[in-house]
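What follows is one structure encoded as structure tokens, with my remarks underneath.
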Protein chains: 2
Amino acid sequence: MVDHAPLELERFLPYRLSILSNRVSQAIAREYQDRFDLSMTEWRVMAVLARYDGHGLSASEVAARTEMDKVAVSRALTRLVAAKRVSRRAHDGDKRRSVLRLSAAGWKVHDAVAPLARTHERTMLAQLSADEQRALLAILDKLAPV
Amino acid sequence: MVDHAPLELERFLPYRLSILSNRVSQAIAREYQDRFDLSMTEWRVMAVLARYDGHGLSASEVAARTEMDKVAVSRALTRLVAAKRVSRRAHDGDKRRSVLRLSAAGWKVHDAVAPLARTHERTMLAQLSADEQRALLAILDKLAPV
DNA sequence: CTACGATAGTTTCATCTGAAACTTAATTCA
DNA sequence: TGAATTAAGTTTCAGATGAAACTATCGTAG
């Protein structure tokens, strides 16, 4: 009889990673999606704009820093600008570029969502020992450097 | 001035997990998508059918074990059955249930893809120290038990 | 200067996805 | 029994996604 050596999906690392990642992301997303009418891509764009506040990032800089493609960013920005959560003006020297900034309303949403996200992260980390927490950070640095 | 405490996306655990998970899954998927005309959901269905070979799983059992929803499984099965990689017959006692099994062609694909997947897993683990490897497994058991 | 290639961003299109509605079959309980 | 629920699976519909084509602007080599 042939030995087919089937893959044990439930012990297969890439599979387990994707389960974990989906569960964690969705747990957080559920908290703000309905409450703030904010998709995950929109939230990521806002988080990056918040982090680089004052720099007036362009759409492609946002795409680079979120690791999302430019189409996704463009669409997220369309909604965010329509909702007046982000202001968009043209770059002085380069009319192709946009200059993006969180508006006051955008900051308000950010300041409400950021603590939610942080709480989730803490809850997650609290399930691990101190050693495991350290290891997790080291592992992420090695496998998916920023 | 207000302290907005922006989220540092690049150090935010759920975000980094999703980056890692996407990179890993896509790296593997690229290898078999074109080569075998096989989507990731289809591959996962095949992997589960392989693992529980002889049990004659139903579609909802597949859905439960892959953590995919029944719609996704239904569609993957439609394609897999059309490609004669999976056989589907009705359950004896319960005509609602299907009884699913990999065909010979299905096994052939499985036996070609499984080693690819395993190689990727090993390559990934090889970047980590023995301690980190142990920690990663422990972390996954705690955060996303199967 | 101008013609060409590169870059920023949007639109289109074809596919993927998941919630809800639907179909058929089995089970429960009055 | 047989009416009402529940379960398995498919279809529908509406939104998300990403590759490729497109528009507009910029930089640069001739």
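These numbers were taken from a predicted model, which means no experiment stands behind them. The chains referred to below are lettered A, B, ... by the order of the sequence lines, with proteins before strands, and numbering in each begins at 1.
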Report task. Take atom CE of B:Met68 and atom P of C:dC16, then tell me their distance rounded to the nearest Å. Result -> 14 Å
Report summary line: B:Arg88 has its side chain closest, among C:dG9, D:dC26, D:dG9, to D:dG9
**Report entry** d(CE, B:Met40; C1', C:dT15) in whole Å
**Finding:** 15 Å
Query raised in the report: Roughly how many Å is it from NE2 in B:His91 to C1' in D:dA7, rounded to a whole number?
Result: 14 Å
Report summary line: Which of C:dG9, C:dA26, D:dG9 is nearest the side chain of B:Lys95? It is C:dA26
Requested in this report: Output all residues satisfying salt bridge (charged side-chain N to carboxylate O under 4.0 Å, His left out) with B:Glu8, sequence neighbours left out; order by chain, then residue number.
Outcome: A:Arg51, B:Arg11
Report summary line: Assert: residue with more 5' nearest nucleotide on DNA chain D, out of A:Asp92 and B:Arg97, is B:Arg97
**Report entry** Side chain of A:Ser74 - closest among C:dT10, D:dG9, D:dT10
**Finding:** C:dT10
**Report entry** Contact pattern, 5' to 3', of nucleotides 12-24 of chain D - B, S or - by protein heavy atom under 4.0 Å
**Finding:** B----BBBB----
Requested in this report: Give every residue pair that meets the ring-ring contact (aromatic ring centres under 6.0 Å, His included) criterion with at least one member in residues 120-146 of chain B, sequence neighbours excluded.
Outcome: none
Query raised in the report: Can you list the steps and then say if B:Met46 with B:Leu102 is a side chain to side chain contact (heavy atoms under 4.5 Å, CB included)?
Result: CA-CA 7 Å; B:Met46 290 188 70; B:Leu102 287 185; 3.9 Å; yes
Report summary line: The salt bridge (charged side-chain N to carboxylate O under 4.0 Å, His left out) partners of A:Glu132 (sequence neighbours excluded) come to B:Lys142
**Report entry** Residue pairs, two or more places apart or on separate chains, that pass ring-ring contact (aromatic ring centres under 6.0 Å, His included) and touch residues 93-116 of chain B
**Finding:** A:His4-B:Trp107, B:Trp43-B:His110, B:Trp107-B:His110
Query - Residues that B:Ala59 engages under side chain to side chain contact (heavy atoms under 4.5 Å, CB included), provided they are two or more places apart - result: B:Val73, B:Leu77, B:Ser98, B:Leu100
Requested in this report: Classify the nucleic acid contact of A:Thr78 as base, sugar-phosphate or nothing, counting any heavy atom under 4.0 Å across all strands shown.
Outcome: nothing
**Report entry** Phosphate-side-chain proximity, B:Ser98 and D:dA8, N/O vs OP1/OP2 below 4.0 Å
**Finding:** no
